[in-house]
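Sequence lines set the chain letters: A, B, ... in the order given, protein chains first and strands last, and positions in each chain run from 1.
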There are 2 protein chains.
Amino acid sequence: MVRLKDVAQAAGVSASTVSRALSNPELISEATRARVLAAADRLGYRHHPAARALVTGRTGLLAFSVPTLANPFFAPIIAGAQEAAEEAGYELIVAVTDSSPERETALFDRLADRVDGFAAAGPRSPASQLARFARSLPLVTLNRRVRGVDSVIIDTPDGVGRLGTHLAGLGHRKIAYLGGPTGSWLDPRRLRRLREAVPDCAILPLGPFPPEFEAGARTVETVLDAGCTAVIAYNSTLLLGLLHRLTMLGLSTPEDLSLACADDLSAAGLAMPDVTALHVPAAEAGRRTVEHVLSLVASESRSAAHQLLPVELLTRASTGRPRELPMSGG
Amino acid sequence: MVRLKDVAQAAGVSASTVSRALSNPELISEATRARVLAAADRLGYRHHPAARALVTGRTGLLAFSVPTLANPFFAPIIAGAQEAAEEAGYELIVAVTDSSPERETALFDRLADRVDGFAAAGPRSPASQLARFARSLPLVTLNRRVRGVDSVIIDTPDGVGRLGTHLAGLGHRKIAYLGGPTGSWLDPRRLRRLREAVPDCAILPLGPFPPEFEAGARTVETVLDAGCTAVIAYNSTLLLGLLHRLTMLGLSTPEDLSLACADDLSAAGLAMPDVTALHVPAAEAGRRTVEHVLSLVASESRSAAHQLLPVELLTRASTGRPRELPMSGG
DNA sequence: ACGCGTGCTGCAAGCGATTGCACGATTGAG
DNA sequence: CTCAATCGTGCAATCGCTTGCAGCACGCGT
């Protein structure tokens, strides 16, 4: 292994000079620096992360926790996060909490003195816990807003509201909302915004559901029996299940039921060209979250800033006018 | 922050004694150890990972690379890996390579001196590269076998062979195989085993396909036109797309086409109760891989051992006798 | 009663880097 | 030509922990 002093010897300078040439070039004369750099890469010198961490207190590691990896929704988020981390010279530790507050807490605990900052996607821990944690380490939450903790929120509630408006505009008056898993912070907010957006429509909230194919499939009868003419699903997996069952029953979309989805199918390789959905800027969200964490790490300030990321409405063939428009005044 | 010497002072012993009490209890008298332990947890002492790493050369970190997280297939693998790592007191760094050999190499490089060992799921780098890397660090590959590198292989080729036998037994004589993405090491091996298992059947290999819904959907016509009566899909996402299109065309399973899948749908929340598939021990595979890496870390031996994990055949309703049995002798 | 092994504990030397401080050289001003 | 900034470099301390070695006390055999 090549150490700083080896490079120093090769370049005919002291170890401190090498250290500075590598990390604070402006302190060193052009000539020396060039010589040092040449020697360093001739010998293939690499920082010893632990040694550096010991003295600087910085590890160069960032943690990113997600409730699950089974939902491919998180894939592009992590991709974006990893990209941002890499650009800043950081390494990302991805950790899975299984949506368990206990595991999440344990994770915080184990990782707290191993990383410089923490990003938590959809954390399930109590707010007080998160706030406390944020006081000890730079922390940014994604898709959850907690007093005293910086956050990045993908504005799917707004998107769901717009989906509602879109459906109402087509003449729908009874819309089912297939809710997500218990513990989702966004889910009730989506429902609320939906109701606010279309006060004239009856909203049938179903769920909570685990985001699974079968759960979606099982809702078809309920939805139809209730007389809903449109469905907004929390998640693409639910929607797929519902669609499959619908097709098997010989029903079609949007004639028999309009379908819309509150997340983006493409992440999972499940993109269906004809489904009305929300395009969520997932990679961007991951990137922003990490960049935000890094800014906290750099400034040591606790600014409690919040970012809201807009979503895009993709209006496509799975939504249309309901078969029978309600007669007014009958 | 609580340091070793603080605990030492509190317990009335030297720092070395505390260190030993914590990591080599057998060197310390029962009484002293108890006193130290009490002091340590009263003060809330935690190891300083960097300091420890600096002197021991062990970081307590393991890397686990996957080609993508968009395919939920890797979710349970990572879950199993994380569990095994945690049990051994290690932290797992999950890294995504995007199926790019270059990114993979870069990752190896960046992580090599940050971690104690490396697990690579479905690595895409050239064999020589992997072998070289294995010489510098404990490395175990999952689902890829390379000379000189320890590996864990989920025996899906065998499973696909059995799927073939199952289909042939039902009377199928022409079977389509929907291949996976370019670069998959297992894919050609599955195809080969399929051919070996059912020498009397015509096998129509299609692909390579990205494991996406739409790609699956687009194959339906080809499969039917070619006169295939059964399909084996590389991946559940492909199969779902195919099934969706099939249903839309008013065709049904298994009457019009028998369907089978070479991986497990349940990981993605896409479990469909009636699809014949292979159950792959994904979590187990992740766990084994990590345990194997850890054994290399511990022993410093390079044993070049290989593990083969059997898969389970789930025979269900999506496979049945073909509509018209081929007439023998016209 | 003496010596020696055995079992615990402390001392001090690192691990490899960063960084405050001091110092020598160079340069510009007076 | 002298003195004082300024710039670049080296010395040495330090980060928190582990570990080889030495020392001390005790117990045992003879």
Whole Å only: how far is the [atom1] atom of [X] from the [atom2] atom of [N]?
X       : N      : atom1 : atom2 : result
A/Arg58 : C/dT19 : CZ    : P     : 10 Å
A/Leu27 : D/dT9  : CG    : P     : 10 Å
B/Lys5  : C/dT9  : NZ    : C1'   : 19 Å
B/Leu54 : C/dG14 : CG    : C1'   : 9 Å
B/Arg33 : C/dT9  : CZ    : P     : 11 Å
A/Ile28 : C/dT19 : CD1   : C1'   : 12 Å
B/Gln9  : C/dT9  : CD    : P     : 18 Å
A/Asn24 : D/dC7  : CG    : C1'   : 15 Å

Of the listed nucleotides [options], the one nearest the side chain of [X]:
X       : options                : answer
B/Arg20 : D/dG16, D/dC21, D/dT18 : D/dC21
A/Arg3  : D/dG10, C/dG16, D/dC17 : C/dG16
A/Ala51 : D/dT19, C/dA17, D/dG10 : C/dA17
B/Ser16 : C/dA17, D/dA12, C/dC11 : C/dC11
A/Val13 : D/dG10, D/dT9, C/dT18  : D/dG10

Report the relative orientation of the aromatic rings in A/Phe108 and A/Phe133; use parallel for angles under 30°, tilted for 30 to 60°, perpendicular for over 60°.
-> parallel
Step through the shown structure and confirm whether more than 12 heavy atoms of other residues, nucleotides or ligands are within 6.0 Å of CD on B/Gln9.
-> no
Short side-chain to backbone donor-acceptor contact, B/His48 and B/Ala50, under 3.5 Å = yes
Measure from the side-chain N and O atoms of A/Asp187 to the backbone N and O of A/Gly180, and report whether any donor-acceptor pair falls under 3.5 Å.
-> yes
Could you give me the CA-CA distance, side-chain angles and deciding distance for A/Thr17 and A/Ser14, then say whether side-chain hydrogen bond (donor to acceptor under 3.5 Å, both in side chains) is met?
-> CA-CA 5 Å; A/Thr17 299; A/Ser14 75; 3.2 Å; yes
Please classify the nucleic acid contact of [X] as base, sugar-phosphate, or nothing, using heavy-atom distances under 4.0 Å.
X       : result
A/Leu4  : base
B/Ser29 : sugar-phosphate
A/Thr56 : sugar-phosphate

